[in-house]
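A, B, ... follow the sequence lines: proteins, then strands. Residue 1 opens every chain. Note that these values count all heavy atoms, side chains included, but never hydrogens, waters or copies made by symmetry.
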2 protein chains.
Amino acid sequence: MPSPHDPRQNHLLAALPVDEYAHLLPHLELVPMPLGTLLYESGAKVRHVYFPTTAIVSLLYVMENGSSAEIAVVGYDGIAGISLFMGGESTPNIAVVQSAGHGYRLKAGVLLAEFTKGLDLQHLLLRYTQALITQMAQTAVCNRHHAVEQQLCRWLLLSLDRLPTSELTMTQDLIANMLGVRREGVTEAAGHLQAAGLIHYSRGKITVLDRPKLEARVCECYAVVKRESDRLLSDRISH
Amino acid sequence: MPSPHDPRQNHLLAALPVDEYAHLLPHLELVPMPLGTLLYESGAKVRHVYFPTTAIVSLLYVMENGSSAEIAVVGYDGIAGISLFMGGESTPNIAVVQSAGHGYRLKAGVLLAEFTKGLDLQHLLLRYTQALITQMAQTAVCNRHHAVEQQLCRWLLLSLDRLPTSELTMTQDLIANMLGVRREGVTEAAGHLQAAGLIHYSRGKITVLDRPKLEARVCECYAVVKRESDRLLSDRISH
DNA sequence: TCGGGTATGTGCCACAGCGTACAGACGCAG
DNA sequence: CTGCGTCTGTACGCTGTGGCACATACCCGA
């Protein structure tokens with residue numbers, strides 16, 4: 001009988017060849033990741049990296065005045081803590097659990113040792129980092145040019161892609177913090193989407209009813225990120 | 001008598017230990033980089049990487065409707081073409097010369113071979129990439145929360161940091177394309193700065209008269225990027 | 001069952017930025 | 001010196017979003 005938890009639910013771990021995976025496996029520690037957990041603080045040294053399986057992690061920048069903006073989002077497709085192997089050990093951003101679930105964590109030293117060998121893990125993590133860079137770049141573009149409603153669509157789709165069901169637990173207030181807009185703006189945009197029958201929500205539960213229509217309404221940013229992620233992280237790793 | 005052109009004007013090349021630098025040196029090709037040169041197209045395979053010395057390169061995303069937004073800027077502090085060693089070979093962005101000058105380019109294969117050895121060059125490029133990530137993330141934040149005038153200040157300071165003089169050749173129209181705003185918005189913001197005696201400009205020449213006051217008026221984004229770049233790329237590389 | 005906290009809906013005003021149009025101002029080529 | 005193209009300045013209305021205030025709806029626990 002298979003365990004409900006398996007590190008290979010994370011796509012990066014799943015893409016590793018068996019021998020490299022075997023090196024990491026004894027060190028992978030299953031951790032619950034409840035909503036709101038702070039994985040990294042701004043400027044703090046990274047002690048563990050996290051491979052989410054069912055949780056979703058949000059990378060945020062918090063401004064001096066307290067308002068915030070989401071930079072990128074990480075789910076079972078990725079890893080939180082790239083500054084470790086990029087060599088900086090910390091970033092000015094924070095990482096917060098946006099959707100509760102589980103993940104596997106690894107002590108910094110273990111990952112670094114394996115990364116330094118320069119084998120498949122390194123290639124994989126660097127390609128993933130490039131996908132993350134694309135996501136950040138597109139976030140910048142979207143923040144510049146697109147309306148709140150479109151950004152909400154993008155955000156919903158990015159979350160949906162990282163969840164097993166089409167229901168997400170997330171208040172409008174939290175979404176507003178992620179997007180860096182007013183809560184009322186989210187209320188209004190979500191009202192439109194609900195009126196059009198694309199979603200249903202009530203008190204922190206959002207259900208996506210019609211994903212195709214959502215994709216029809218989103219800005220090009222979503223597709224750019226999706227296409228690039230698929231390209232970079234198709235299971236066949238090309239060297 | 002020293003040549004006016006020296007690869008070590010580029011800080012990444014300058015930070016390399018002599019033996020690794022020696023491997024690259026025979027392959028480094030001095031190239032003029034006139035204003036507007038397209039170094040990479042969206043999705044095109046990277047054939048060369050560029051180490052600017054006196055030129056400045058802008059990484060842009062161009063939307064389907066033709067409008068654009070700057071993602072990050074690269075000068076003598078960096079390298080254009082990170083997708084090569086990150087493993088993706090291409091990105092959805094373009095790279096354009098924003099300020100004319102020179103740089104050294106290297107064939108993709110040469111850089112990749114040296115990068116794969118996993119020595120100082122690799123560490124250096126990855127740390128630089130992290131600095132670039134910070135710049136992108138902060139661009140996203142700035143686009144979300146800050147006014148055009150502050151973004152103009154940030155843009156001027158980022159450019160100034162990568163130039164030898166305090167004069168930049170750049171029409172307001174071009175700046176507007178970079179920032180992804182209207183030309184009139186730049187005119188207005190620049191008018192304020194000129195009235196306050198911070199800058200002087202006329203027909204494509206902008207002279208910064210009072211940098212300290214410019215730094216006083218810029219949003220926190222500039223300092224975040226600067227601090228992180230300095231931290232990651234101080235000449236002593238820590239392993 | 002009732003109360004209090006939380007989540008959502010709505011309205012109002014202010015204003016920055018967009019789209020558009022057009023008027024100077026400057027510089028270079030002829 | 002003249003004319004034309006380019007760059008910069010200014011004005012107008014419009015809309016999306018921010019800041020604020022408050023009303024309603026829902027849930028959970030006492």
(message) Under 3.5 Å, is there a donor on one side chain and an acceptor on the other for B:T171 and B:D173?
(response) no
Write down the distance between [atom1] ([X]) and [atom2] ([N]), rounded to a whole number of angstrom.
X	N	atom1	atom2	result
B:H145	C:dA16	NE2	C1'	16 Å
B:H192	D:dT8	NE2	P	17 Å
B:R144	D:dG16	CZ	P	15 Å
B:Q172	D:dC7	CD	C1'	8 Å
A:L152	C:dT8	CG	P	12 Å
A:H146	D:dT15	NE2	C1'	17 Å
A:Q150	D:dT15	CD	P	17 Å
A:L174	C:dA7	CG	P	8 Å

(message) Other residues, nucleotides and ligands only: do more than 12 of their heavy atoms fall within 6.0 Å of CD on A:E41?
(response) no
(message) Under 4.0 Å from OP1 or OP2 of D:dG9: is there any side-chain N or O of B:Y201 that close?
(response) yes
(request) Establish whether the base of C:dT6 is bridged to the side chain of A:R203 by a donor-acceptor pair shorter than 3.5 Å. (result) yes
(request) Would you check if the side chain of A:Q135 reaches a backbone N or O of A:V73 as a donor-acceptor pair within less than 3.5 Å? (result) yes
(request) Apply the test side chain to side chain donor-acceptor pair (under 3.5 Å) to residues A:E70 and A:Q98: give CA-CA distance (whole Å), side-chain angles for both, the deciding distance (0.1 Å), then the verdict. (result) CA-CA 11 Å; A:E70 189 176 80; A:Q98 171 205 100; 3.1 Å; yes
(request) Please say which of B:L158, B:L198, B:L214, B:V148 ends up in a side-chain contact (heavy atoms from CB on, under 4.5 Å) with B:C153. (result) B:L214
(message) List the residues meeting ring-ring contact (aromatic ring centres under 6.0 Å, His included) with B:H102, not counting sequence neighbours, and say none if there are none.
(response) B:H5
(request) Could you check which residues of residues 175-190 of chain A get a heavy atom under 4.0 Å from DNA chain C? Sort them by number, please. (result) A:R183, A:E184, A:T187
(message) Both A:M170 and B:E149 contact DNA chain C. Which one's nearest nucleotide lies toward the 5' end?
(response) A:M170
(request) Walk me through it: do B:R231 and A:S90 pass the test side chain to side chain donor-acceptor pair (under 3.5 Å)? (result) CA-CA 10 Å; B:R231 180 178 82 83; A:S90 71; 3.1 Å; yes
(request) Identify, between A:A147 and A:S202, the residue whose nearest nucleotide on DNA chain D lies closer to the 5' end. (result) A:A147
